[in-house]
Peer 1: 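Please read through the structure below; I'll follow up with questions.
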Amino acid sequence: MTVPQRQTRFRVEGMDCASCAAKIETAVRRIPAVTDVGVSVVAGTMTVTHGPETDLDGVARKLGSLGYKASPLTRTGEKAPASGHVHGPECRHEGHEHSHDNDHHAHGGGNAHDGVPPSRASNVPTGDSLHGMHGHDHGPIDGPWWSTSKAKLTIVCGAALAIAFGLSQLFPQTQPWGFIIAMAVGLVPIARRALFGAMNGSPFSIETLMTVAAVGAVIIDAAEEAAVVVFLFLVGELLEGIATGRARASIRALSNLMPKTALLESEGGTRTVPADSLTVGSIVMIRPGDRVPADGVVLSGESAVDEAPVTGESVPKRKEEGDKVFAGTVNQEGVLRVRVTAAAADNTIARIIALVEEAQESKAPTERFIDRFSKYYTPGVMVVAALVAILPPLLGGAEWNTWIYRGLAVLLIGCPCALVISTPAAIAAGLSAGARRGLLMKGGAVLENLGKVDSVAFDKTGTLTEGKPKVTDIVGIGRDERETLRLAASLEVGSSHPLAVAILAKAEAENVPVVAASEAGAVGGKGVVGTLDGVKLFFASPRAAGQQVMLDEALTTRIASLNDEGKTVSVLLAGGQVAGLIAMRDEPRDDAKAGIAALRELGADSVMLTGDNQRTAKAIAASLGMEARAELLPQDKQKIVGEMRATGSFVAKVGDGINDAPALAAADIGIAMGSGTDVALETADAAVLHGRVKDVANMVSLSRATMSNIWQNIVMSLGLKAVFLVTTVLGVTGLWPAILADTGATVLVTANAMRLLAWRGIRDA
């Protein structure tokens with residue numbers, strides 16, 4: 001019998017580098033019944049998969065012994081042992097094969113399996129009793145950097161070093177004890193972390209290397225250099241923490257978009273309530289200038305809503321009755337009454353934050369490789385350093401102090417901190433930058449692989465097109481165009497049929513007054529009839545209209561021409577005469593052509609896969625400059641995607657995440673177009689929140705920028721080490737340049753990764 005697995009999510013304070021994450025992961029994996037651990041440095045979270053008997057307080061105490069403060073964010077929730085449904089790179093396609101019921105919001109909570117939202121974390125014990133159990137100098141970088149325990153330790157160590165230097169000038173006899181004391185101020189917490197790390201499975205941590213090097217320097221009478229090395233190490237950690245805090249703040253800033261209060265309609269009036277207390281079905285009033293407090297549907301009112309904070313869309317969108325609005329967006333003009341459709345824990349912003357945090361916990365392929373590499377690299381460096389210190393004196397009779405000094409310098413140069421952080425820092429920054437532009441990617445593997453895409457298969461309806469027909473042509477025959485539109489619209493008043501909605505929208509846009517026709521009704525399979533101003537009207541398909549009146553050759557040719565453009569044509573008869581034609585089509589999105597062109601510039605071909613008829617598909621595809629495959633069933637789309645992959649293409653499938661599920665699963669990368677719906681966020685590997693075709697190209701571009709950044713980081717970290725390794729062995733540089741090389745490389749790599757936070761997407765031509 002398989003033991004059911006549970007997952008618990010922790011907030012971990014004090015993590016700010018990959019070394020921290022590695023130590024935590026190694027230590028927690030050693031706890032009995034823990035089967036998996038996911039750690040996100042940027043999010044400051046850890047997700048533990050464990051059996052029901054696991055002592056969660058023991059997990060927190062374990063982290064406390066390492067110098068970190070841990071508190072549970074969620075209740076434990078059972079996880080089906082065989083489902084494998086984890087939002088990580090290893091099980092990319094499972095999400096397409098599992099159904100999602102309405103009660104299961106994988107990203108509505110802090111965890112993909114327990115469904116407990118971040119906003120409910122306040123109801124969970126915070127673990128404050130653990131505070132003070134550790135002496136770790138790490139601290140959260142949420143407030144001013146100088147107020148953190150890490151900054152205070154660095155300042156105290158620097159002051160002690162300055163005092164020791166002053167005493168050495170005034171009272172030379174105080175040396176080397178002044179520098180030894182100054183070194184001890186910073187080294188004791190570092191050595192303590194090294195000891196507990198070794199006890200918990202991480203003997204080759206950067207703290208171990210630093211402790212060995214500093215103590216060794218004192219032994220060979222280089223106490224001054226040892227003190228400076230420890231101080232510079234603390235400075236490097238502080239800078240690293242500040243940079244990581246900045247990345248963390250870039251996602252946390254999303255939560256600041258949420259207003260604290262909302263105007264709730266109650267007992268015939270309104271009252272101010274906390275925004276996070278709103279429940280599904282509540283009705284709220286949103287005034288001009290207010291932020292929308294929750295996802296919802298407009299009940300009444302009309303306004304322009306600025307969605308840029310959530311989607312990056314620069315132009316405000318018109319909202320009227322029946323339209324969706326999203327939490328965190330800004331109402332600009334009129335008063336809106338909105339019915340809440342998602343509680344605070346499940347709104348768009350909460351789910352974006354949860355998705356990005358979970359994505360950051362899943363390691364990218366490059367990151368996993370570097371982790372494996374560093375496991376051998378770090379002990380290898382210690383062996384090389386030992387050989388540098390021992391072999392020349394033993395074999396060549398060289399001076400012991402000189403070569404031990406050089407061996408210690410090699411030890412410091414070999415610290416893999418910069419190398420280990422090179423990938424996760426860039427991945428975290430890339431995921432954060434994408435999320436702020438409405439591009440959601442489930443994990444580093446997806447972000448890495450998007451850059452390989454060279455073929456993109458698009459669905460048509462709702463993906464390349466708006467998903468709703470629009471009036472494209474009005475042809476006056478017996479009546480002029482305006483009158484033809486007025487008469488047709490009079491027959492459609494009150495109808496919710498998509499074609500009727502399109503005609504009524506066109507009449508409103510053209511300021512055509514519409515009066516409902518009398519005796520209006522549908523004629524099954526043919527059209528609609530009615531009477532207006534004593535004139536009998538019939539609005540029908542060309543075939544049905546042709547059964548009542550003769551359509552001349554010129555008119556038939558015009559209808560055929562419109563059909564060839566992929567348009568649906570209806571004929572309006574008034575008093576037994578042809579009044580005019582109205583043509584409609586599901587038009588391409590405004591940016592569809594530019595989006596396909598942007599993909600072409602990136603070297604990716606595009607193809608349309610649709611169940612629509614050949615004529616419509618080819619007309620739309622021709623206008624966008626792409627190939628079309630039409631009249632396809634879902635299994636046909638899946639087969640075509642498989643054939644594309646078989647030719648060696650790396651294929652992304654873009655669809656609505658519902659009827660395209662088989663093709664999404666068959667592709668290398670599945671991308672859902674949507675507006676933050678459950679399906680869009682849960683089904684595919686990635687989601688384009690505000691439905692811009694160009695954002696598919698933006699995803700590819702962001703991936704390539706991120707991978708370029710990763711390789712820059714790897715080259716910088718290894719290049720600096722190689723240079724200083726050679727110069728140290730040759731005796732050109734010593735301990736100070738060694739620690740500067742390591743600290744400098746770490747800061748450079750982190751700063752370079754943070755550049756991705758400024759990514760703004762492909763510029764409009």
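Note: hydrogens, waters and symmetry copies are ignored here, and every other heavy atom, side chains too, is used.
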Peer 1: List in chain and number order the residues that pass side chain to side chain contact (heavy atoms under 4.5 Å, CB included) with Glu587, two or more places apart in sequence or in another chain; answer none if no residue qualifies.
Peer 2: Lys470, Thr472, Arg585

Peer 1: Got a sec: does the CZ of Arg482 have more than 12 other heavy atoms crowding it under 6.0 Å?
Peer 2: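 Enclosed: over 12 neighbouring heavy atoms sit under 6.0 Å from CZ of Arg482.
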
Peer 1: Nearest 0.5 Å, please: how far is OG in Ser570 from CG in Leu562?
Peer 2: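 Here the rounded value is 11.0 Å.
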
Peer 1: Mind listing the closest non-hydrogen atom pair of Val335 and Pro288 along with its distance?
Peer 2: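 So the minimum-distance heavy-atom pair works out to CG2-CD, 3.9 Å.
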
Peer 1: Looking just at side-chain N and O atoms, do Asp295 and Thr341 make a donor-acceptor pair shorter than 3.5 Å?
Peer 2: no

Peer 1: Mind checking side chain to side chain contact (heavy atoms under 4.5 Å, CB included) for Ser708 and listing every partner two or more places apart, or none if nothing turns up?
Peer 2: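 Checked Ser708 against side chain to side chain contact (heavy atoms under 4.5 Å, CB included); matches are Gln712.
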
Peer 1: With no hydrogens and no angle check, is any side-chain donor or acceptor of Lys319 less than 3.5 Å from a backbone partner on Lys324?
Peer 2: yes

Peer 1: Taking side chain as C-beta onward, heavy atoms only, is Ile582 less than 4.5 Å from Phe539?
Peer 2: yes

Peer 1: Identify the heavy atoms of Gly595 and Ala697 that sit nearest to each other, and give their distance.
Peer 2: O-CB, 4.3 Å

Peer 1: Is Arg645 salt-bridged to Asp668, going by a charged N under 4.0 Å from an acidic O?
Peer 2: yes

Peer 1: Considering non-hydrogen atoms only, spot the tightest contact between Ala426 and Ile710 and give its length.
Peer 2: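 Answer, listing the atom of Ala426 first, then Ile710: CB-CG1, 3.5 Å.
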
Peer 1: Taking only residues two or more places apart in sequence, or in another chain, which ones meet Asn713 in a side-chain hydrogen bond (donor to acceptor under 3.5 Å, both in side chains)?
Peer 2: Asn709, Asn752

Peer 1: Within the distance-only criterion (no hydrogens, no angle test), does the side chain of Arg629 pair as donor or acceptor with the backbone N or O of Glu627 below 3.5 angstrom?
Peer 2: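 Side chain of Arg629 to backbone of Glu627, a donor-acceptor pair under 3.5 Å: no, none is there.
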
Peer 1: Can you establish whether the number of heavy atoms outside Arg704 located under 6.0 Å from its atom CZ is more than 12?
Peer 2: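 Yes, because the 6.0 Å sphere around CZ of Arg704 holds more than 12 heavy atoms from other groups.
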
Peer 1: Kindly say whether Gly670 contributes a backbone atom to a donor-acceptor pair with the side chain of Asp685 at under 3.5 angstrom?
Peer 2: yes

Peer 1: Any salt bridge linking Lys639 with Asp636? Criterion: basic side-chain nitrogen under 4.0 Å from a carboxylate oxygen.
Peer 2: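 No salt bridge links Lys639 with Asp636.
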
Peer 1: How far does CD of Glu565 sit from OG1 of Thr616, to the nearest 0.5 angstrom?
Peer 2: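 The distance works out to 11.0 Å.
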
Peer 1: Ile427 versus Leu447: any side-chain heavy-atom pair under 4.5 Å?
Peer 2: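 Ile427 vs Leu447: side chains touch.
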
Peer 1: Taking side chain to side chain contact (heavy atoms under 4.5 Å, CB included) as the definition, give me every residue that meets it alongside Glu508, ordered by chain and number, with sequence neighbours left out.
Peer 2: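 Testing Glu508 for side chain to side chain contact (heavy atoms under 4.5 Å, CB included), a comparison that skips the adjacent residues, returns none.
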
Peer 1: Is there a side-chain contact between Phe326 and Val292, using heavy atoms and a 4.5 Å cut-off?
Peer 2: no

Peer 1: Quick one, Ile669 and Val651 - any side-chain contact, counting heavy atoms below 4.5 Å?
Peer 2: no

Peer 1: Which heavy atom of Asp454 sits nearest to which heavy atom of Phe650, and what is that distance?
Peer 2: OD1-N, 2.8 Å

Peer 1: What I'd like to find out is whether the side chain of Ile640 reaches to under 4.5 Å of the side chain of Met644, using heavy atoms alone.
Peer 2: yes

Peer 1: When you check the gap from the basic side-chain N to the acidic O, do Asp459 and Lys637 get nearer than 4.0 Å?
Peer 2: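 Looking at Lys637 together with Asp459, the answer is yes, because their closest N to O distance falls below 4.0 Å.
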
Peer 1: With sequence neighbours left out, write down each residue that passes side-chain hydrogen bond (donor to acceptor under 3.5 Å, both in side chains) with Glu302, or none if nothing qualifies.
Peer 2: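 With neighbours one apart ignored, the set is Arg318.
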
Peer 1: Measure the spacing between CG of Leu431 and CZ of Arg436 and express it to the nearest 0.5 Å.
Peer 2: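 Rounded to the nearest 0.5 Å, the CG-CZ separation comes to 14.0 Å.
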
Peer 1: State whether the number of non-hydrogen atoms from other residues, nucleotides or ligands found under 6.0 Å of Asp564 atom CG is greater than 12.
Peer 2: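 Enclosed.
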
Peer 1: Roughly how far apart are Ser561 OG and Lys567 NZ, rounded to 0.5 Å?
Peer 2: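 NZ of Lys567 is found 8.0 Å from OG of Ser561.
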
Peer 1: Hey, what do you get for CZ (Arg558) to CG (Asn563), rounding to the nearest 0.5 Å?
Peer 2: 12.0 Å

Peer 1: Using 0.5 Å steps for rounding, measure from the CE atom of Met699 to the CG atom of Leu599.
Peer 2: 11.5 Å

Peer 1: Contact between Glu466 and Asp586 at the side-chain level, heavy atoms closer than 4.5 Å - yes or no?
Peer 2: yes

Peer 1: Suppose we screen for side chain to side chain contact (heavy atoms under 4.5 Å, CB included). Which residues come up paired with Val501, at least two apart in sequence or across chains?
Peer 2: none

